[in-house]
Amino acid sequence: MSLLSDLLNLNLSDTTEKIIAEYIWIGGSGMDLRSKARTLNGPVSDPAKLPRWNYDGSSTGQAPGEDSEVILYPQAIFKDPFRRGNNILVMCDAYTPAGEPIPTNKRFDAAKIFSQPDVVAEVPWYGIEQEYTLLQKNVRWPLGWPVGGYPGPQGPYYCGVGADKACLYAGINISGINGEVMPGQWEFQVGPAVGISAGDELWVARYILERITEIADVVLSFDPKPIQGDWNGAGAHTNYSTKSMRNEGGYEIIKKAIEKLGLRHKEHIAAYGEGNERRLTGRHETADINTFKWGVANRGASIRVGRDTEREGKGYFEDRRPASNMDPYVVTSMIAETTILWNP
């Protein structure tokens, strides 16, 4: 007798050239990921060759009921780790039927910044450290904690064991994964990725993680401070470098870039995720939300520069301010805009 899992995992390539493409987009809250599948006549590797599609924006909080059609534009393709074979995941952004980006489409403005010649010439690299918390399904309490109670003090849990096979299969550049300081909290790192692809890869990695947690019957939280008290919050530290920073003499370029980021601290904080004020308190490896400071190897700073970068006189820096629920299209493009395009 066939199991349901056998049917779900049928390899279509044995009997047909057709494939299934799972179109993924960001819903009205800015954090809810939506998707639906369509059948295509054969394998596709170029998103420009994929058909546009539509959905009911009134059901996702992105359009009124009397004019609800929203159009999906395919932007990036990844292998599907769930259906496997030639099936694909497709990261999309959303537009009105007239071709205007809808208000929640943050990718559109990011792509404009990343297409600026000065930005293209600098080949901006990103490495994003996505922290998240796994919760018990029925009680919304961290996985592994006694219900209604607390484990021992945080610390011994840092760098536990995790799995990143699904993202690697999909073609996402996952560079690592580890258990975090607070029990029940984890982190994976996406990158290095260039320009707009950093946002595409992080959003699809989040989608894959959500699918996996559904299968595992646990709840995924990107809340920047899921548990109040003497526990670390959850961030999305963003590592960044430009071609000039990676070349000889790059340390001086890094310091100038950090100075620019300090001058626009309030604007960046406003775009770095909701609820971040609960996390950026000046404790638990954070700088106070109202204070901008940077330092070498300082995890209590807004911007941390690594010892290797200081010693070699070139490299990258880490913006520690973004919250775990930040939009990577917004954060990555804003860092590029401030450090490359903006002149104080």
Side-chain angles (χ1 to χ4, degrees), residues 24 26 45-50 73-79 88-93 105-130 164 167-177 187-208 236-251 253-254 256-258 260-261 268 271-272 303-306 308-309 312 314-322 326-342:
I24 303 165
I26 302 160
S45 58
D46 180 358
K49 295 181 179 178
L50 287 169
Y73 287 28
Q75 299 292 358
I77 291 175
F78 301 87
K79 293 176 66 178
I88 55 176
L89 305 177
V90 183
M91 190 64 206
C92 305
D93 58 355
N105 180 354
K106 306 304 182 185
R107 191 187 191 280
F108 179 81
D109 285 337
K112 286 200 298 185
I113 290 170
F114 284 121
S115 65
Q116 292 290 321
D118 287 349
V119 177
V120 172
E122 283 290 352
V123 195
W125 288 2
Y126 297 90
I128 303 173
E129 305 171 25
Q130 176 68 71
D164 51 7
C167 286
L168 289 172
Y169 178 94
I172 297 168
N173 192 15
I174 294 284
S175 51
I177 187 168
E187 172 190 300
F188 62 85
Q189 301 97 33
V190 169
V194 178
I196 197 73
S197 65
D200 291 335
E201 292 191 21
L202 187 68
W203 274 116
V204 174
R206 284 174 172 176
Y207 171 82
I208 290 171
H237 301 156
T238 302
N239 300 276
Y240 171 70
S241 71
T242 63
K243 186 176 181 180
S244 297
M245 295 174 190
R246 297 187 293 269
N247 289 339
E248 294 302 322
Y251 194 39
I253 306 297
I254 287 172
K256 290 176 182 176
I258 293 173
K260 284 184 172 184
L261 289 169
H268 279 255
Y272 273 16
I303 304 289
R304 180 183 69 87
V305 174
D308 288 347
T309 295
E312 296 174 11
K314 59 183 178 180
Y316 70 97
F317 63 82
E318 174 192 50
D319 191 340
R320 298 179 60 80
R321 297 171 296 172
M326 63 80 155
D327 187 325
Y329 294 135
V330 173
V331 169
T332 57
S333 61
M334 195 173 192
I335 292 173
E337 181 184 36
T338 296
T339 60
I340 300 172
L341 301 177
W342 185 63

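In this text, all values refer to a predicted model and were calculated from it rather than measured experimentally.
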If I take atom [atom1] from residue [X] and atom [atom2] from residue [Y], how far apart are they, to the nearest 0.5 angstrom?
X: L202; Y: S197; atom1: CG; atom2: OG; result: 11.0 Å
X: T339; Y: M334; atom1: OG1; atom2: CE; result: 11.5 Å
X: L89; Y: D200; atom1: CG; atom2: CG; result: 12.5 Å
X: I254; Y: T242; atom1: CD1; atom2: OG1; result: 7.5 Å
X: W203; Y: I24; atom1: CH2; atom2: CD1; result: 11.5 Å
X: I172; Y: F78; atom1: CD1; atom2: CZ; result: 5.5 Å

What closest approach, in Å, do [X] and [Y] show between heavy atoms, and which atom pair accounts for it?
X: E318; Y: N239; result: CB-OD1, 3.3 Å
X: A336; Y: Y240; result: CA-OH, 3.8 Å
X: P322; Y: Y272; result: N-CD2, 3.5 Å
X: S241; Y: G315; result: CB-O, 3.4 Å

Side-chain donor or acceptor of [X] paired with backbone N/O of [Y] under 3.5 Å:
X: K106; Y: D327; answer: no
X: S333; Y: V330; answer: yes
X: Y126; Y: T332; answer: yes
X: T238; Y: A236; answer: yes
X: E201; Y: G191; answer: no
X: R320; Y: R304; answer: no
X: Q189; Y: G176; answer: yes

Would you check if [X] and [Y] make a side-chain contact, meaning some heavy-atom pair closer than 4.5 Å?
X: K79; Y: L168; answer: no
X: L261; Y: R321; answer: yes
X: I128; Y: V331; answer: no
X: R246; Y: W125; answer: yes
X: Y316; Y: M245; answer: no
X: Q130; Y: V190; answer: no
X: V90; Y: P47; answer: no
X: I113; Y: D109; answer: no

Pair D93-Y329, side-chain donor/acceptor within less than 3.5 Å: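 No, no side-chain donor-acceptor contact under 3.5 Å.
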